[in-house]
Amino acid sequence: MAQVLEFKLPDLGEGLTEAEIVRWLVEVGDVVAIDQPVVEVETAKAMVEVPCPYGGVVTARFGEEGTELPVGAPLLTVAVGAPEGASGSGKDSGSDPESAGGSGNVLVGYGTGAPAARRRRIRPDRLDRAVTEAPVSGAPVVESPVVEAPRAEAPVVKVLVAEASVSEGPVPVVSPLVRRLARQHDIDLRQLAGSGPDGLILRADVDRVIRTAEETATATARVAEAPVQAQVPAAAPNGVAVAVDAERIPLRGVRGAVADKLSRSRTEIPDATCWVDADATELMAVRAAMNAATGPSAGPKVSVLALLARICTAALARFPELNSTVDTEAREIVRLSGVHLGFAAQTERGLVVPVVRDAHTRNAESIGAEIARLTELARTGKLSPAQLTGGTFTLNNYGVFGVDGSTPIINHPEAAMLGVGRIMPKPWVHQGELAVRQVVQLSLTFDHRVCDGGTAGGFLRYVADCVEQPAVLLRTV
């Protein structure tokens, strides 16, 4: 005798209350093992695979890909202890959920790392019998082997790429975002020839197909609807009305989380910004000397960002007011003992801020290694929510975009952010003479509730002094 158990979207941790279904990993009728990943979901912080705590036959899925579900909403139902032949083992797991081997490892939504079981499909007649005869434990009996949430219909542009032949084997795609984008626009990735290394399909390849299809569809629609102009006309240089199209992009997932956090920061934090130009020539020379060292003790290369991060931790030790947060309900400033340094990283999924834990205990080499590790995880979309939260101060290197300065928004609930522009040759008065030096603009945006301009200016001046004279930092190393 089988039981039908309901598996609900678990608490994914870090205060997350909802997640979007990106991709189902099982179908109705599949046999799943305990802790086997069954669905890939995207939260406001990361993309994770959710394992099922029950082993048995999937009898229903709730929610289509792209659906956003709250924590505690049903994900799927599993017939546990199906009749002999349903699992292929010839053994009855029993009707007790405990005997089914529920693991409980899904409470944080990250799974156990166990290899996924091979998917098997149960014949409909056996699945019907297992479900209709099953007593209920913790969930209503599902009378049909296929019970899915209604799918909202939306206009979809079918895309066919005739020049590419359908390939066999795995599709050369790494980014989950690329797969999701292709699914949303009904694009068969097997028919695309990737422009990346070894034929890797990039987002640009999918965007190009989408853009071509949309241009074709728009042109066709305008011709068909020419007698009735439904769009808002806009004046063109030749006086002919031109239709104005508008695209609506949902603010959800990472983009929605960023929007909420930045809006809250601007609403709650009375921020101010100060900045200074600094001569980074000596810092660049020190870095070159570090990386030129050879031998067993040379270690990995040290990045400019790692040196700046080490300078930040030294500056925060001198000005702890900026390593704090404000408890608005208690009307208290909470100074934090440890520095968990966040750094801004731009990825295909948008802007994320990975956090280097206990940065105040690390040297430049250790910080650099951790930044490199977290950057790679961010690039591949594998950062966990825990790696994106808990920061106490943020370092923002917007110089990689080729700009000199910025007034960044503080990463709520932190109290400050150091911005770094590009380092480039500029005329500079050095030792009383005009010279070409490597100059960088540094900016500090701070919460004016935690300190006044004198403290913020002192912090920024110390950072600039360390950039111009790295020996200043050596006193505290």
Side-chain angles (χ1 to χ4, degrees), residues 6-14 16-55 58 60-78 103 105-119 148-149 151-152 170-190 200-203 206 250 252-257 347-350 352 376-388:
E6 184 180 73
F7 174 41
K8 299 179 180 180
L9 179 64
D11 180 3
L12 302 175
E14 302 296 336
L16 301 173
T17 59
E18 57 191 12
E20 179 182 339
I21 296 175
V22 175
R23 179 168 61 105
W24 281 105
L25 305 178
V26 296
E27 297 180 3
V28 172
D30 283 354
V31 176
V32 296
I34 295 173
D35 289 342
Q36 176 181 337
V38 293
V39 64
E40 187 179 63
V41 301
E42 182 179 30
T43 70
K45 299 183 182 299
M47 193 174 296
V48 296
E49 291 183 348
V50 179
C52 179
Y54 312 125
V58 177
R61 301 185 318 192
F62 300 94
E64 294 290 336
E65 294 176 357
T67 303
E68 203 165 57
L69 298 178
V71 169
L75 268 179
L76 50 78
T77 53
V78 178
S103 72
N105 285 327
V106 298
L107 294 180
V108 294
Y110 302 131
T112 61
R118 180 173 60 86
R119 284 173 50 178
E148 300 190 8
R151 183 169 185 168
V171 180
V173 180
V174 174
S175 171
L177 179 63
V178 173
R179 290 184 181 274
R180 178 183 174 190
L181 194 62
R183 286 195 300 272
Q184 289 176 339
H185 293 270
D186 202 18
I187 298 174
D188 186 356
L189 290 174
R190 295 183 181 276
L200 182 68
I201 298 176
L202 306 177
R203 179 173 182 176
V206 177
R252 61 188 184 191
V254 172
R255 187 72 261 165
T347 70
E348 286 188 348
R349 297 179 66 229
V352 295
E376 178 60 22
L377 291 175
R379 186 187 66 81
T380 57
K382 296 180 180 179
L383 284 171
S384 69
Q387 292 168 321
L388 291 166

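Nothing here was measured: the structure is a model prediction, and the numbers come from that model. Scope of the values below: all heavy atoms of this structure, side chains included, with no hydrogens, waters or symmetry mates. We count residues from 1, following the sequence as given.
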Correct closest heavy-atom pair for Gly72 and Lys8 would be O-CD, 3.2 Å
The reported gap from CG in Leu9 to CG in Leu69 (rounded to nearest 0.5 angstrom) is 6.5 Å
To the nearest 0.5 Å, atom CD of Glu42 lies from atom CD of Glu18 at 11.5 Å
So CD of Glu40 and CD of Glu65: to nearest 0.5 Å the spacing works out to 9.5 Å
List the steps and the verdict of side chain to side chain contact (heavy atoms under 4.5 Å, CB included) for Val206 and His185. CA-CA 9 Å; Val206 177; His185 293 270; 6.0 Å; no
Residue set satisfying side chain to side chain contact (heavy atoms under 4.5 Å, CB included) with Leu202, at least two apart, ordered chain then number -> Ser195, Leu200, Asp205
Note: Val26 and Leu76 closest approach over all heavy atoms is CG2-CD2, 4.2 Å
Interatomic distance, CG@Leu75 vs CZ@Phe62, rounded to 0.5 Å, equals 9.5 Å
Heavy-atom nearest pair, Phe7 first then Pro51, reads CZ-O, 3.3 Å
Notebook entry, point to check: So do Val22 and Arg183 actually touch side chain to side chain, heavy atoms under 4.5 Å?
Noted result: yes
Across all chains, not counting sequence neighbours, the side-chain hydrogen bond (donor to acceptor under 3.5 Å, both in side chains) partners of Glu376 are Arg379
Between the CZ atom in Arg61 and the CD1 atom in Ile21, the distance rounded to the nearest 0.5 Å is 8.5 Å
Closest non-hydrogen atoms of Leu383 and Ala378, given as atom of the first, atom of the second and distance, are CD1-CB, 3.4 Å
Between Gly55 and Val78, the two heavy atoms sitting closest are C-CG1, 4.2 Å
